[in-house]
Participant: 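One structure, pasted below without further comment.
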Amino acid sequence: VQLQASGGGLVQAGGSLRLSCAASGRTFSTFNMGWFRQAAGKAREFVAAISWGSVGSYYAGSVKGRFTISRDNAKNTVYLQMNSLKSEDTAVYYCAATSKSYGSTQPEYDYWGQGTEVTVSS
């Protein structure tokens with residue numbers, strides 16, 4: 001499956017952005033999906049994940065209550081709604097897909113998008 005992330009940009013602290021990740025290729029609806037991010041000079045970290053049927057989702061503690069992951073299998077797209085953004089949310093955001101049980105570690109994911117940059121100004 002090929003993944004294309006979009007929706008990044010520059011936003012002021014307290015603002016919102018919605019990231020999208022469009023999938024093509026193999027059947028999107030069979031994959032569990034995740035979002036990760038990597039700030040400059042730091043390791044890539046888990047942000048959120050959602051099961052193939054949207055039954056389950058979970059979040060990193062740093063974004064819980066502010067970010068919402070969702071998906072539309074009819075559109076082959078997963079979203080990350082980011083509210084109440086903080087400067088520490090500044091990073092390149094990556095979407096990823098896994099045919100295994102969704103988790104928070106990178107090796108669990110089989111496919112990765114190219115990333116979209118989010119900059120939060122304080």
Side-chain angles (χ1 to χ4, degrees):
V1 63
Q2 291 79 44
L3 303 173
Q4 180 77 34
S6 62
L10 175 64
V11 62
Q12 288 188 333
S16 299
L17 276 177
R18 188 177 80 158
L19 306 183
S20 299
C21 176
S24 60
R26 296 178 61 186
T27 307
F28 172 75
S29 62
T30 66
F31 287 90
N32 298 312
M33 300 296 295
W35 285 96
F36 291 76
R37 66 186 182 185
Q38 186 169 20
K42 296 187 177 181
R44 190 175 300 185
E45 64 177 7
F46 170 76
V47 175
I50 188 167
S51 63
W52 63 270
S54 300
V55 173
S57 63
Y58 74 107
Y59 301 87
S62 59
V63 307
K64 195 171 185 179
R66 300 188 297 121
F67 290 11
T68 303
I69 189 171
S70 62
R71 65 190 296 163
D72 185 338
N73 287 343
K75 295 182 178 180
N76 286 358
T77 302
V78 63
Y79 305 97
L80 185 68
Q81 177 67 44
M82 306 186 295
N83 298 329
S84 302
L85 283 161
K86 305 175 181 180
S87 58
E88 51 262 45
D89 296 317
T90 295
V92 177
Y93 284 72
Y94 298 89
C95 58
T98 177
S99 57
K100 300 178 286 293
S101 179
Y102 68 98
S104 61
T105 62
Q106 298 176 57
E108 296 176 86
Y109 289 82
D110 306 304
Y111 304 96
W112 292 82
Q114 88 291 355
T116 185
E117 188 168 7
V118 173
T119 302
V120 183
S121 63
S122 57

Participant: So which heavy atom on Val118 is nearest to which on Gly8, and how close?
Facilitator: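 Taking every non-hydrogen atom into account, CG2-CA, 4.1 Å.
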Participant: Please identify each residue that fulfils side chain to side chain donor-acceptor pair (under 3.5 Å) with Ser121, with sequence neighbours left out.
Facilitator: none
Participant: Can Leu19 be reached from Val1 by stepping across I, L, V, M, F, W or Y side chains whose heavy atoms are under 4.5 Å apart?
Facilitator: yes
Participant: Taking all non-hydrogen atoms of both residues, which atom of Leu80 and which atom of Ala48 are closest, and how far apart?
Facilitator: CD1-CB, 4.2 Å
Participant: Among residues at least two apart in sequence or on other chains, which ones pass ring pair (Phe, Tyr, Trp, His ring centres under 6.0 Å) with Phe28?
Facilitator: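 For Phe28, no residue satisfies ring pair (Phe, Tyr, Trp, His ring centres under 6.0 Å) once neighbours in sequence are set aside.
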Participant: By ring pair (Phe, Tyr, Trp, His ring centres under 6.0 Å), which residues pair with Tyr111, not counting sequence neighbours?
Facilitator: Phe31
Participant: Sequence neighbours left out, what pairs pass disulfide bond (SG atoms under 2.5 Å apart) with at least one residue falling in residues 45-93?
Facilitator: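 Residue pairs passing disulfide bond (SG atoms under 2.5 Å apart), neighbours aside: none found.
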Participant: Side chain of Asp110, backbone of Ser99: donor and acceptor closer than 3.5 Å?
Facilitator: yes
Participant: Heavy-atom count check: over 12 atoms from other residues, nucleotides or ligands less than 6.0 Å from Lys75 NZ?
Facilitator: no
Participant: Can Met33 be reached from Trp35 by stepping across I, L, V, M, F, W or Y side chains whose heavy atoms are under 4.5 Å apart?
Facilitator: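 Linked within one cluster.
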Participant: In this structure, would Leu3 and Tyr94 fall into the same cluster of hydrophobic residues linked by side-chain contacts under 4.5 Å?
Facilitator: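 Shared cluster, no.
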Participant: Sort and list the pairs that fulfil disulfide bond (SG atoms under 2.5 Å apart) and have at least one residue in residues 25-56, not counting sequence neighbours.
Facilitator: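 Sorted pair list comes back empty.
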Participant: How would you list all residue pairs meeting disulfide bond (SG atoms under 2.5 Å apart) that involve residues 83-122, not counting sequence neighbours?
Facilitator: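 Non-adjacent pairs meeting disulfide bond (SG atoms under 2.5 Å apart): Cys21-Cys95.
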Participant: For Asn73, enumerate each residue passing the side chain to side chain donor-acceptor pair (under 3.5 Å) test, keeping only those at least two apart in sequence or located in another chain.
Facilitator: Arg71
Participant: Which heavy atom of Val47 sits nearest a heavy atom of Val63, and at what distance?
Facilitator: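 Scanning both residues, the minimum pair turns out to be O-CG2, 3.6 Å.
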Participant: Do you know which two heavy atoms are closest between Ser70 and Val78, and how far apart they sit?
Facilitator: O-CG2, 3.0 Å
Participant: Relative to each other, are the rings of Phe36 and Phe46 parallel, tilted or perpendicular (30° and 60° limits)?
Facilitator: perpendicular
Participant: Residues two or more places apart in sequence or in another chain: which of them pass side chain to side chain contact (heavy atoms under 4.5 Å, CB included) with Gln114?
Facilitator: Gln4, Ala5
Participant: Return a table of donor-acceptor pairs under 3.5 angstrom between the side chains of residues 82-93 and protein atoms on other chains or two or more places apart.
Facilitator:
unit_1 : atom_1 : unit_2 : atom_2 : d
Asn83  : OD1    : Ser16  : OG     : 2.9
Asn83  : OD1    : Gln81  : NE2    : 2.9
Asp89  : OD1    : Arg37  : NH1    : 2.9
Asp89  : OD1    : Arg66  : NH2    : 3.0
Asp89  : OD2    : Arg66  : NH1    : 2.7
Asp89  : OD2    : Arg66  : NH2    : 3.4
Asp89  : OD2    : Lys86  : N      : 2.8
Thr90  : OG1    : Ser87  : O      : 3.0
Thr90  : OG1    : Val120 : N      : 2.9
Thr90  : OG1    : Val120 : O      : 3.4
Tyr93  : OH     : Arg37  : NH1    : 3.0
Tyr93  : OH     : Asp89  : O      : 2.6

Participant: Of all residues at least two apart in sequence or in a different chain, which pass the side chain to side chain donor-acceptor pair (under 3.5 Å) check with Ser122?
Facilitator: none
Participant: Any side chain to side chain donor-acceptor pair (under 3.5 Å) involving residues 49-61? Give me the pairs, sequence neighbours left out, ordered by first then second residue.
Facilitator: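 Qualifying pairs: none.
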Participant: Considering only Ile, Leu, Val, Met, Phe, Trp and Tyr, and joining two whenever side-chain heavy atoms are under 4.5 Å apart, list the other residues clustered with Tyr79.
Facilitator: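 In the cluster with Tyr79 there is nothing else; it is isolated.
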